There are 2 protein chains.
Amino acid sequence: MVRRFNRSVTQRVGALDDGYLSRDRPLAQSRLLWEIGPVGAEVAAVRTRLDLDAGYLSRLLRTLESAGLIVVGPGAGDGRVRTARLTEAGRAEWAVLDRKSDELAWSVLEPLTDGQRSRLTSAMAEVERLLMASLVTIEPCHPGEPRARACLRAYVRELAARFDAGFDPGGSSVDDHELVPPAGLFLVATVATEPVGCGALRLCPGEPAEIKRLWVSDSVRGLGVGRRLLGELERRAVAAGADLVRLDTNRNLTEAIRLYRNSGYHEIPAYNSNPYAHHWFAKPLA
Amino acid sequence: MVRRFNRSVTQRVGALDDGYLSRDRPLAQSRLLWEIGPVGAEVAAVRTRLDLDAGYLSRLLRTLESAGLIVVGPGAGDGRVRTARLTEAGRAEWAVLDRKSDELAWSVLEPLTDGQRSRLTSAMAEVERLLMASLVTIEPCHPGEPRARACLRAYVRELAARFDAGFDPGGSSVDDHELVPPAGLFLVATVATEPVGCGALRLCPGEPAEIKRLWVSDSVRGLGVGRRLLGELERRAVAAGADLVRLDTNRNLTEAIRLYRNSGYHEIPAYNSNPYAHHWFAKPLA
DNA sequence: CATGATTACTGACTTTAGTCAGGCATTCCC
DNA sequence: GGGAATGCCTGACTAAAGTCAGTAATCATG
């Protein structure tokens, strides 16, 4: 079924989409214009999203700029990063693309009955969610890397928002930079270069391994990413010789607590004095 | 939802697919090799399926031929159309592509749980079916055109297979070539150049319009194509001034009979002496 | 059997996409 | 404050994709 789907849907609809998006301008330019959007975008962000060569992208930007569709100026913060914004003409062009995209969507739905339409859209949503889930890759990464930093920032932000008394990362028991082998490790989950989750492991010879910094982005919640991260951390803990893994957590993180219980963790007495922790869990490793 | 789907699924998976399919050969060549397949294919058929320029295709064929992957020889029937066949090496290459395609499919399913997998494949099947339904276009066409001939051949073949006593098209009450305005009209339903259904209307001033030659291919049955053809025929009958439309049918064509009943047709006495007809229906037009 | 349509092919092109190396300015990190 | 890293840019390429006009062979048709 997957193959059939790739062949028929992906190619047919993809071609249709490209045809609509193109029109009188090379496809790459239209895609770039579209990606910049009415609110503008940083060049670096666009580059990773579209996965373009830096030189190629620069040239495309120059073309659009000389066509009077965009202006590329200095960014707000980092002076190296430049931001592209649509001009008046660019906004008009963007609106045309937007309308065409709507027309394409409508042309797909138009011939169908109401029942078929609702079945199609819900099936599309399902495919999109599950495909997103399957595109999530989990791999080790240095905690200093940008991807890791992005995850950790999001992690701290989320804890600060959800803990009853906020969260001060300063008092943390572990410095992120310690989470490298052999003292520990850091895993990041990404979907197409965008980080969507992370998890860390602290290893002390002779002591149980400890799981820290488990976080999953809203955008992929409910797709089993947390479970996969947890499983991968356990596997690596076993590989490092640990026979027990433990962790602490806050009572407000109910999904996490449910995940731990469903994954074979049982509650244990406090093994540390983390002021934000209300529950301590452990799981013996085979 | 449709737009979101186009953007995320179509582009992401499409790119993945192309990446796998390519490898060490230009994408167009791989696609062509794949399209020819182990059973071979007529050049003309490939050309319409991939929608390639004749010159470009010819060049691609020459490249594959000089790489020893295919041989292009004369076709069986028409001496103008040539057929491409894979050589031994070509078959091996094709098998590699086939395996890669399998790997891609597996890489999509692999990270998912069993439940997610089955949900994904059924959602994909649903999307594919409904998208196919929405890609069906219905338009008038001269009965002499190749698309129309293909439909009529399939129509006759199907009647011959399903009628109790077979079917002899020779005794037909209406010559196909009469089905052009103003005496009648012929509609063909196509999905991406492939004809998948047809229907005809006979118009006599002062008499009821008559529906004939309604046929829908197996490949799109159950997607509402028959209903759309019927509706379009009725609309055109109204436009031509008819206030009643009627038709005859064979008792073995149960789906058709069900369609007529569900579409507001009621059974009437025989209005002709078609030896293959068991039921006669009519519907007043608004 | 002449005529026009269809099919495939060739040669001469253009455009698009993409790569690579080197350079300059800015920022990060001890 | 001095590398090292990062982000963007330019110039010089290459390969792939696609277009167009003209030609030869074959077929359908009156």
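Values reported hereafter were calculated over all heavy atoms of this structure, with side chains retained and with hydrogens, waters and symmetry mates removed. All figures in this text were calculated on a predicted structure; none of them were measured in a lab. In the text below, chain A, chain B and the rest are named by the order of the sequence lines, each starting its count at 1.
- In this structure, of D:dT19, D:dA16, D:dC9, it is D:dA16 that holds the atom nearest to the side chain of B:Pro26.
- Nearest to the side-chain atoms of A:Arg80 among the listed nucleotides D:dA16, C:dT16, C:dC28 stands C:dC28.
- A donor-acceptor contact under 3.5 Å is formed by the side chain of B:Arg59 with the base of C:dG11.
- When the C1' atom of D:dC8 is taken as reference, atom CD1 of A:Ile70 falls 13 Å away, rounded to whole Å.
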Q: List the steps, then state whether salt bridge (Lys or Arg N to Asp or Glu O under 4.0 Å) holds for A:Asp53 with A:Arg59.
A: CA-CA 10 Å; A:Asp53 173 81; A:Arg59 209 173 312 281; over 6 Å; no
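- The distance between atom CG of A:Leu52 and atom P of C:dT16, rounded to the nearest whole Å, is 16 Å.
- B:Leu61 places its CG atom 15 Å from the P atom of C:dT7, with the value rounded to the nearest Å.
- At whole-Å resolution of the value, CG in A:Asp53 and C1' in D:dC8 are 11 Å apart.
- In this structure, B:Ala41 and B:Val46 approach most closely via the heavy-atom pair CB-CG2, 3.7 Å.
- Where A:Gly79 and A:Asp24 meet DNA chain C, the nucleotide closest to each residue was compared, and A:Asp24 sits on the side nearer the 5' end.
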Q. Please walk me through it: do A:Phe186 and A:Leu152 pass side chain to side chain contact (heavy atoms under 4.5 Å, CB included)?
A. CA-CA 11 Å; A:Phe186 191 87; A:Leu152 289 167; 3.8 Å; yes
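- Between A:Arg62 and A:Glu65 there is a salt bridge, since a side-chain N of the basic residue sits under 4.0 Å from a carboxylate O of the acidic one.
- OP1 or OP2 of D:dC9 lies within a sub-4.0 Å distance of a side-chain N or O belonging to A:Arg82.
- B:Leu57 comes within contact range of no nucleotide atom at all, as no heavy-atom separation falls under 4.0 Å.
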Q: For the pair B:Leu104 and A:Val2, evaluate side chain to side chain contact (heavy atoms under 4.5 Å, CB included) and give the outcome as yes or no after the intermediate values.
A: CA-CA 9 Å; B:Leu104 174 61; A:Val2 177; over 6 Å; no
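- In this structure, B:Asp78 reaches the sugar-phosphate backbone alone: every heavy-atom distance under 4.0 Å involves primed, P, OP1 or OP2 atoms, never a base.
- Distance from the side chain of B:Ala28 is smallest for D:dA17 among the nucleotides D:dA17, C:dA17, D:dT6.
- For A:Arg62, taking side-chain heavy atoms from C-beta onward, the closest of the listed nucleotides C:dC9, D:dT10, C:dG11 is D:dT10.
- If you take CD of B:Glu42 and C1' of C:dT6, they are 13 Å apart, rounded to a whole angstrom.
- Note: CG (A:Asp18) to P (C:dT16) measures 15 Å, nearest angstrom.
- The separation between B:Leu27 atom CG and C:dT16 atom C1' is 14 Å, rounded to whole Å.
- For the pair B:Arg149 CZ and D:dC27 C1', the computed distance is 15 Å after rounding to whole Å.
- In the set D:dA17, C:dT7, D:dC9, the nucleotide with an atom closest to the side chain of B:Tyr56 is D:dA17.
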